[in-house]
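Below is one structure, written out as structure tokens; comments come after it.
All figures in this text were calculated on a predicted structure; none of them were measured in a lab. Each residue takes its place number in the sequence, starting with 1.
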Amino acid sequence: ILASILSLVIYWIIRDRYRVRNLNGKHVFITGCDNGLGNSLAKWLDKKGFCVIAACATEKGSQELQSCSSLSLKTVNLNLADSNSIARAVVFVTEQTAGEGLFGLVSNAEGTAPVGPTDWLRIEDFHSVLDVSLLGLIEITLKLLPLLKKAEGRVVNLINAKGLMAFVGGGYSLSKWGMEAFSDILRIEMQHFGVKVSIVEHGFFKAEEVNSDIIEKYLFKLWNRLTPEIRDSYGEKYL
């Protein structure tokens with residue numbers, strides 16, 4: 001038993017000391033780079049020497065990121081709820097990698113998620129988050145798999161751990177649990193091609209702390225659109 005534990009510790013130390021070498025020419029595509037974690041990661045990998053392709057949802061986000069990065073960092077507009085936008089981004093990534101394949105795909109996206117009891121929600125409230133944070137990420141992953149397989153690259157899905165706790169109605173937790181399942185299945189299937197699939201479950205970041213005013217605004221918006229029957233069944237005290 002002691003020998004097994006010692007062997008495991010030695011393996012862990014060796015594994016954690018491993019670093020990717022020859023970063024020049026290795027392309028990494030990151031979604032959700034307007035701000036937050038995706039933005040910080042794009043800047044960090046750019047400084048490390050990777051060829052970063054950063055997907056931004058807004059022109060402002062793209063310009064601000066380029067202004068504080070090297071000339072090798074490229075940006076592309078991406079709306080994960082739009083298949084045409086995804087297709088254009090994939091063409092851009094294909095052109096940038098120039099036949100070398102894609103070394104890394106980092107998926108990081110948060111759809112707008114109305115917070116409230118499930119009984120207060122409509123199907124479009126679920127679509128507003130699932131179309132981006134689940135279906136959109138799945139679609140762009142599927143379309144980039146040929147480039148990832150060519151480079152024997154890796155997929156890294158950043159998933160907010162608070163989404164794994166089913167404490168509120170809506171599509172937020174569904175999207176996070178869905179990405180966990182998608183990643184676990186893809187990991188097994190891609191082993192044959194030398195493609196690694198990882199999940200990074202992160203917690204709160206100071207810049208992304210939940211604003212209670214926004215939650216309250218969402219709640220009142222949902223409450224005010226309820227039918228009188230549903231509103232009466234809950235009552236003002238519940239609200």
Supply the atom-to-atom distance Tyr11 OH to Leu8 CG, rounded to the nearest 0.5 angstrom. 8.5 Å
From Glu100 atom CD to His27 atom NE2, the distance as rounded to the nearest 0.5 Å: 8.0 Å
Beyond-backbone contact of Val156 with Val200, side-chain heavy atoms, under 4.5 angstrom: yes
Under a 4.5 Å cut-off applied to non-hydrogen side-chain atoms, are Met179 and Ile138 in contact? yes
Closest approach of Cys56 and Leu65, non-hydrogen atoms and distance? SG-CD2, 4.3 Å
Side chains of Asp125 and Arg122 in contact at under 4.5 Å (non-hydrogen atoms): yes
How long is the gap from CZ on Arg225 to CD1 on Ile230, to the nearest 0.5 Å? 10.0 Å
Greater than 12 external heavy atoms within 6.0 Å of Arg17's CZ: no
Taking the side chain as every heavy atom from C-beta outward, state whether Asn157 and Leu137 have any atom pair closer than 4.5 Å. no
Any non-hydrogen side-chain atom of Asn160 less than 4.5 Å from a side-chain atom of Tyr172? yes
Following the transitive rule for hydrophobic clusters with a side-chain heavy-atom cut-off under 4.5 Å over Ile, Leu, Val, Met, Phe, Trp and Tyr, establish whether Val197 and Leu142 coincide in one cluster. yes
Flag if over 12 foreign heavy atoms under 6.0 Å of CG, Leu6: yes
Partner residues of Asp184 under the salt bridge (charged side-chain N to carboxylate O under 4.0 Å, His left out) criterion, sequence neighbours left out: Arg187
Restricting to non-hydrogen atoms, name the atom on Asn79 and the atom on Ser85 that form the minimum distance, rounded to 0.1 Å. N-OG, 2.8 Å
Assess whether side-chain contact (heavy atoms from CB on, under 4.5 Å) is satisfied between Cys68 and Lys43, documenting all intermediate values. CA-CA 8 Å; Cys68 56; Lys43 294 174 183 175; 3.4 Å; yes
Which heavy atom of Phe193 sits nearest a heavy atom of Glu152, and at what distance? O-CG, 3.6 Å
Do Leu186 and Leu145 have side-chain heavy atoms sitting under 4.5 Å apart? yes
Picking from Leu148, Val90, Val76, what satisfies side-chain contact (heavy atoms from CB on, under 4.5 Å) with Phe29? Val76
With a 4.5 Å cut-off on side-chain heavy atoms, are Trp44 and Val52 touching? no
State, with a plain yes or no, whether a side-chain heavy atom of Glu201 is found less than 4.5 Å away from one of Lys176. no
Let me confirm one number: the OG-CG distance from Ser72 to Asp46, rounded to the nearest 0.5 Å. 4.5 Å
Evaluation steps, side-chain contact (heavy atoms from CB on, under 4.5 Å), between Leu174 and Leu130: CA-CA 8 Å; Leu174 292 176; Leu130 293 176; 4.0 Å; yes
Within 6.0 Å of CZ in Phe220, more than 12 heavy atoms from elsewhere: no
Under a single-linkage definition using a 4.5 Å side-chain heavy-atom cutoff for Ile, Leu, Val, Met, Phe, Trp and Tyr, are Leu105 and Val91 assigned to the same hydrophobic cluster? no
Report, as yes or no, whether the 6.0 Å neighbourhood of atom CH2 on Trp223 holds more than 12 heavy atoms from other residues, nucleotides or ligands. yes
When you look at Val9 and Ile13, which way does the side-chain contact (heavy atoms from CB on, under 4.5 Å) test go after all the steps? CA-CA 6 Å; Val9 170; Ile13 293 173; 3.9 Å; yes
Any donor-acceptor N/O pair, Asn108 side chain to Gly32 backbone, under 3.5 Å: yes
Closest approach of Cys33 and Gly38, non-hydrogen atoms and distance? SG-O, 3.7 Å
Which atom of Leu37 lies closest to which atom of Leu158, heavy atoms considered: CD2-CD1, 3.6 Å
Would you compute the distance between atom CG of Asn224 and atom CG of Leu239 and round it to the nearest 0.5 angstrom? 8.5 Å
Residues at least two apart in sequence or cross-chain that pass salt bridge (charged side-chain N to carboxylate O under 4.0 Å, His left out) with Lys143, listed by chain then number, are Glu139
What do the steps show when you test Ile199 against Phe182 for side-chain contact (heavy atoms from CB on, under 4.5 Å), and what is the final call? CA-CA 10 Å; Ile199 298 169; Phe182 175 74; over 6 Å; no
Can you see which heavy atom on Leu78 is nearest to which on Ala55, and at what distance? CD2-CB, 3.6 Å
Give, for atom CG of Leu80 and atom CD1 of Ile86, the distance between the pair rounded to the nearest 0.5 Å. 5.5 Å
Residue pair Ser133 / Ser175, side-chain donor-acceptor N/O under 3.5 Å: no
